[in-house]
Novice: 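After the structure tokens below, expect a handful of questions from me.
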Protein chains: 2
Amino acid sequence: MAVMSEPAASSRTRTGVPRGRARASHSIDAVIAGAVEILDESGAQGLTTRALAARLGGGPASIYWYVSGREELLDLAADSVLASVLTAVSGVGDSDDSDPIACARMIAVALFDAIVDRPWLGAYAMRNTAQQIHSLQLYEKLGQQVMRLGLSPRNCFHATSAIVGFVIGTAADMGQQLPVEVASGQMGREEYLAGAVTQWRALDPLQYPFVHHVVDEFAGHDDRDQFRAGLDLLLDGLRLSAGRR
Amino acid sequence: MAVMSEPAASSRTRTGVPRGRARASHSIDAVIAGAVEILDESGAQGLTTRALAARLGGGPASIYWYVSGREELLDLAADSVLASVLTAVSGVGDSDDSDPIACARMIAVALFDAIVDRPWLGAYAMRNTAQQIHSLQLYEKLGQQVMRLGLSPRNCFHATSAIVGFVIGTAADMGQQLPVEVASGQMGREEYLAGAVTQWRALDPLQYPFVHHVVDEFAGHDDRDQFRAGLDLLLDGLRLSAGRR
DNA sequence: ACCTGAACACCGTTCAAGT
DNA sequence: ACCTGAACACCGTTCAAGT
């Protein structure tokens with residue numbers, strides 16, 4: 001029963017009873033850590049019950065003692081990885097004279113970058129607060145910055161949800177483009193992009209003026225830049241609405 | 001070989017040779033229409049090769065003559081449904097004195113509403129312009145409105161991508177919350193929401209001030225309202241940046 | 001050109017039985 | 001309390017063979 005991997009962020013026993021001297025149930029963490037390893041190597045598609053069991057050195061049924069099924073496993077794996085995002089932004093917003101919007105921006109960027117690094121995260125991060133404690137805490141942390149703008153609860157809720165939606169949505173979209181090719185490593189991002197560019201250039205300029213207008217930007221674009229530009233639009237709008245209050 | 005369904009938007013033959021009198025290859029359209037029916041009834045999970053073949057009255061292998069695999073089938077099904085969005089916004093932006101941002105807003109809302117009606121759309125709409133002609137045309141149409149703001153190609157590209165990312169991301173997130181329950185109809189949206197609300201209220205208010213601040217809004221929120229509020233923030237930011245040019 | 005039957009190589013999940 | 005082996009009920013895809 002080979003257990004590699006650093007321990008995952010949260011340690012809990014199946015019964016929920018906290019152990020005396022942090023001896024840690026050890027196995028739910030090993031399951032999640034193994035899942036993360038597989039996800040990093042071969043994406044969500046590669047995370048099968050049998051592959052995980054093989055890595056853990058057991059039978060495929062053993063996993064079901066720790067987790068209700070594959071969906072919960074994915075949720076937990078995604079959330080476990082967000083612990084590092086949380087610590088990365090732990091100091092953000094602590095001082096009262098920090099700019100709330102700049103703070104919100106830092107949190108959003110940190111979350112986005114984590115998803116870019118692990119494309120499989122996009123589909124499972126921040127989607128089930130009942131199971132995902134770090135997701136909830138990131139949501140809370142982001143919301144606290146927005147709260148400082150003095151908006152109504154309703155506007156506060158809307159703004160925070162908008163930021164999360166934009167981050168997750170954009171990141172998920174960017175991480176999903178190459179479904180099989182990226183996992184199998186047959187085709188790089190550049191080839192895929194180049195293919196789309198050739199297709200775009202071949203379109204009728206009269207019918208697709210916009211596509212032709214931006215095709216050069218598309219050809220040389222960087223996902224992170226694109227994300228930040230969009231995020232800044234959103235945050236500019238938020239700042240405006242905070243000033244209007 | 002029962003063929004129900006209105007004809008899908010694009011009619012093409014396998015060879016790509018256009019038929020003389022729109023006699024339509026008929027079968028690729030039937031395959032896509034059947035796929036859409038299944039997707040509407042039971043979601044992406046329900047669309048299996050065998051289920052589709054059964055509905056079409058043939059063997060599971062027959063589908064592979066029209067489509068390279070399940071992924072392409074999903075792409076085509078998603079895109080076929082966007083034809084109606086495209087016609088719904090066909091007149092938008094035709095007059096030169098229309099407000100570009102109001103026009104962009106209408107397109108974004110129409111797209112969002114389509115995804116709310118068909119949650120399975122979220123994961124497959126607007127993600128592969130090579131295969132999805134209506135997605136490309138919607139992107140173009142939206143981009144044309146942004147173009148009218150007189151931004152640089154780069155800002156134009158960023159703004160349009162941001163809007164699409166926000167729409168798809170938010171819609172996909174909202175449509176995915178109830179993974180199995182919604183398909184099997186065991187639990188309504190209200191029960192699910194109520195569960196999250198009770199969990200939120202049980203959190204420590206000192207640790208989760210934001211969650212407590214917005215929990216009432218969350219409890220009674222409408223997805224469409226929430227989306228529109230976020231979209232308006234984004235568009236406000238865009239208008240600001242257009243004014244600054 | 002289009003479709004079939006049957007098979008291949010997998011899946012997630014369950015469940016009796018073990019320790 | 002935790003794990004195993006083996007099975008169940010599926011999957012997507014391929015491929016020879018038909019028409």
Side-chain angles (χ1 to χ4, degrees), chain A residues 1-3 11-20 23-32 34-35 38-39 42-77 123-124 179-181 183-184 186, chain B residues 1-3 11-20 23-32 34-35 38-39 42-77 123-124 179-180 183-184:
Chain A
M1 202 169 297
V3 176
S11 88
R12 61 167 194 179
T13 63
R14 185 61 192 171
T15 54
V17 180
R19 293 280 175 72
R23 183 144 63 77
S25 119
H26 189 228
S27 254
I28 176 67
D29 289 346
V31 167
I32 293 175
I38 293 175
L39 287 164
S42 34
Q45 201 191 112
L47 181 63
T48 68
T49 328
R50 286 168 176 83
L52 178 55
R55 178 166 305 232
L56 262 33
S62 65
I63 294 158
Y64 287 84
W65 199 86
Y66 295 97
V67 134
S68 73
R70 200 181 109 96
E71 286 292 287
E72 187 177 309
L73 180 61
L74 256 338
D75 279 345
L76 291 176
Y124 300 98
V180 185
E181 292 84 351
S184 60
Q186 286 176 10
Chain B
M1 202 169 296
V3 177
S11 88
R12 60 165 194 180
T13 63
R14 186 60 192 172
T15 54
V17 181
R19 294 281 173 73
R23 183 144 65 75
S25 120
H26 189 227
S27 252
I28 176 68
D29 289 346
V31 167
I32 292 174
I38 292 175
L39 288 163
S42 34
Q45 200 190 112
L47 181 64
T48 68
T49 329
R50 286 167 176 84
L52 179 54
R55 177 164 306 229
L56 263 32
S62 65
I63 293 158
Y64 287 83
W65 200 84
Y66 294 99
V67 134
S68 72
R70 198 181 111 97
E71 285 292 287
E72 188 178 308
L73 179 61
L74 256 337
D75 279 345
L76 291 176
Y124 299 97
V180 185
S184 59

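What's counted below: heavy atoms across the whole structure, side chains too, no hydrogens, waters or symmetry copies.
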Novice: Between dT4(D), dT13(C), dA1(D), which nucleotide gets closest to the side-chain atoms of Arg70(A)?
Specialist: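 Nearest to the side chain of Arg70(A) among the choices is dT13(C).
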Novice: With a 4.0 Å limit, can you tell me whether Tyr66(B) has a side-chain N or O closer than that to the phosphate oxygens OP1/OP2 of dC3(C)?
Specialist: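 Affirmative; the distance criterion is met.
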Novice: Take the protein atom OH of Tyr64(B) and the nucleotide atom C1' of dA17(D), then report the distance between them rounded to whole Å.
Specialist: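 After rounding, the reported distance stands at 19 Å.
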Novice: Which nucleotide sits closest to the side chain of Thr49(B): dG12(D), dC3(C), dA6(D)?
Specialist: dG12(D)
Novice: Determine the contact category for Leu47(B): base if any of its heavy atoms lies under 4.0 Å from a base atom, sugar-phosphate if only primed atoms, P, OP1 or OP2 are that close, otherwise nothing.
Specialist: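 Leu47(B): backbone/sugar contact only, no base atoms under 4.0 Å.
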Novice: Suppose we screen for side-chain contact (heavy atoms from CB on, under 4.5 Å). Which residues come up paired with Thr49(B), at least two apart in sequence or across chains?
Specialist: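 Thr49(B) satisfies side-chain contact (heavy atoms from CB on, under 4.5 Å) with Pro60(B), Ile63(B), Tyr64(B) only.
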Novice: Closest approach to the side chain of Ser62(A), judged atom by atom: which nucleotide of dT4(D), dT14(C), dC2(C) is it?
Specialist: dT4(D)
Novice: Is there any protein nitrogen or oxygen under 3.5 Å from a nitrogen or oxygen in nucleotides 7-10 of chain D, and what are the pairs?
Specialist:
unit_1: dA7(D); atom_1: N6; unit_2: Arg50(A); atom_2: NH2; d: 3.4

Novice: Taking Watson-Crick (N1-N3 plus N6-O4 or O6-N4) and G-U wobble (N1-O2, O6-N3), each under 3.5 Å, can you produce the dot-bracket string of DNA chain C? Use [ ] for crossing pairs and | for inter-strand ones.
Specialist: ||.|||||...|||||.||
Novice: dC2(D) and dA16(C): how far apart are their C1' atoms, nearest whole angstrom?
Specialist: 15 Å
Novice: Could you measure the distance from the CH2 atom of Trp65(A) to the CD1 atom of Ile28(A)? Nearest 0.5 Å is fine.
Specialist: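 Taking CH2 in Trp65(A) and CD1 in Ile28(A), the distance rounds to 9.5 Å.
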Novice: Could you pull out the closest heavy-atom pair between Leu73(A) and Leu52(A), with the gap in Å?
Specialist: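 Shortest heavy-atom contact: CD2-CD2, 3.5 Å.
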Novice: Restricting to non-hydrogen atoms, name the atom on Arg70(B) and the atom on Leu47(B) that form the minimum distance, rounded to 0.1 Å.
Specialist: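 It is NH1-O, 2.6 Å.
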Novice: Would you compute the distance between atom CD1 of Ile32(A) and atom CD of Glu72(A) and round it to the nearest 0.5 angstrom?
Specialist: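 One gets 9.0 Å once the value is rounded to the nearest 0.5 Å.
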